[in-house]
Amino acid sequence: MAVYSDEAKCREYMEQMRWGGNPTCPFCGMNKPYKLKDGKRYRCKDSQCKRNFTVTVGTVFENSKVKLSVWMAALYLCTGHKKGVSSHQLARDLGVTQKTAWFVEHRIRLLMGDPEPDVAMDNVVEVDETYVGGKWDKMTRSRRKKHQESGKDNKVAVMGLLERDGKAKLTVIGTNTFKEVVRQHVAPSAVVITDSHSGYVGLNQEPTHEAVNHLAQEFRRGIAYTNSVEGFFSVFKRTIFGTYHQVSPKHLHRYCAETSYRFNSRKMTDAERFEMAISNTKGRLTYNQLIEKK
Ligand SMILES: [Zn+2]
């Protein structure tokens, strides 16, 4: 917090992380731009391009009224806390409104996305499913009525996949079948371990598949156990119930990304975790995209 208290230092740090001391135009990729007098902006040297830019263009920090020093503090708090920080707590810590803190946190969750989403999981992969949300008795009467009238099941199924000695991932199952989700994330050469849920029946034809029958009191058979992925779920549930209390199905995939990030970086120091998130600054999320406003 002390190191990144000042705007100029934060900017310098961002430039170092993003460009490694070699500023590059985000529009055309040209190096060595002119530095403008305000100390923030650069102008591209390319005669066709000539555009002005700052280090935040094309990142989650672009066009934000929130100061860079506040972003850095928010990033430090969100990546450092084991079970996340609620937007109310973050608002108090940073001296901003809850609405701002909520938006800042969702943008930060974008940085927590899997840096290698296309790398399939391999070796031994434990797979399990869990359900989030939907306790009728905990809802207000009007909310419950709205949900019952919509006729939709209020619970959302989430699949956890954990490669032993590798990365772990949480993903919202949505309209896919269990097998489709497994095939999407796991290499055909992997050994997949699940419980005896009927949704996984038939997997054994492709990746090697082992099922542990929890109903028949079987929990471990050689390498066939799902205890690690169940531990991962317990972290997820503690994050959801303990910190955020209520998560809308619309945003659930973002909380999944956050928990996965936290689990995968659990052996890193706070500083390493912070740097991993900040080096993942590609992409942008506008407020309207976030609330899915048409
Ligand atoms: Zn350019």
Side-chain angles (χ1 to χ4, degrees), residues 1-79 90 94 96-97 99-119 167 251 253-254 257-258 260-261 264-265 268 270-294:
M1 295 273 195
V3 172
Y4 304 115
S5 58
D6 140 80
E7 286 297 292
K9 271 187 198 156
C10 291
R11 197 163 286 278
E12 223 171 83
Y13 174 77
M14 277 279 299
E15 293 187 355
Q16 195 59 39
M17 288 307 287
R18 191 168 181 204
W19 293 326
N22 182 18
T24 310
C25 172
F27 305 106
C28 71
M30 181 90 166
N31 290 333
K32 301 200 175 70
Y34 303 106
K35 191 161 189 173
L36 300 186
K37 272 190 190 136
D38 62 8
K40 282 199 224 175
R41 289 180 301 159
Y42 291 88
R43 175 165 297 157
C44 184
K45 251 184 197 168
D46 187 88
S47 57
Q48 302 288 313
C49 180
K50 282 192 192 161
R51 293 174 74 175
N52 291 350
F53 60 90
T54 68
V55 69
T56 61
V57 171
T59 72
V60 298
F61 310 114
E62 184 176 352
N63 258 347
S64 168
K65 288 196 184 75
V66 178
K67 284 185 185 170
L68 267 185
S69 51
V70 174
W71 274 111
M72 295 287 157
L75 192 58
Y76 185 80
L77 292 170
C78 293
T79 55
L90 192 66
L94 299 177
V96 296
T97 63
K99 193 181 168 188
T100 300
W102 183 82
F103 183 39
V104 161
E105 272 205 79
H106 271 305
R107 283 204 187 183
I108 287 174
R109 285 191 188 102
L110 211 61
L111 303 182
M112 294 178 168
D114 187 351
E116 295 173 315
D118 302 325
V119 178
K167 71 176 172 186
H251 298 299
H253 65 284
R254 302 183 206 278
E258 180 185 342
S260 309
Y261 165 86
N264 289 329
S265 63
M268 293 181 178
D270 285 355
E272 285 167 343
R273 210 178 289 123
F274 178 84
E275 286 186 359
M276 180 166 104
I278 206 160
S279 56
N280 198 9
T281 48
K282 286 188 201 103
R284 247 189 102 187
L285 178 71
T286 66
Y287 189 74
N288 284 348
Q289 277 169 352
L290 181 59
I291 59 172
E292 292 172 16
K293 195 172 160 185
K294 295 286 173 323

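No hydrogens, no waters, no symmetry mates; every other heavy atom, side chains included, goes into these values. Order of listing sets the numbers, starting from 1, for every ligand and every atom in it.
- The two residues K40 and E15 make their nearest non-hydrogen contact at O-OE2, 4.5 Å.
- A search for ring pair (Phe, Tyr, Trp, His ring centres under 6.0 Å) contacts involving Y13 returns Y4, not counting sequence neighbours.
- Side chain of R41 to main chain of L36: no donor-acceptor pair is present (N/O by atom type, distance under 3.5 Å, no hydrogens or angles).
- In terms of the salt bridge (Lys or Arg N to Asp or Glu O under 4.0 Å) criterion, residue partners of E105 (sequence neighbours excluded) are, by chain and number, R109.
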Test side chain to side chain contact (heavy atoms under 4.5 Å, CB included) applied to L94 and L77, step by step: CA-CA 10 Å; L94 299 177; L77 292 170; 4.2 Å; yes
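- Take the Zn ion (ligand 1) and draw a sphere of radius 2.8 Å; the protein N/O/S atoms inside it number 4.
- Under the salt bridge (Lys or Arg N to Asp or Glu O under 4.0 Å) criterion, D6 pairs with no residue at all, not counting sequence neighbours.
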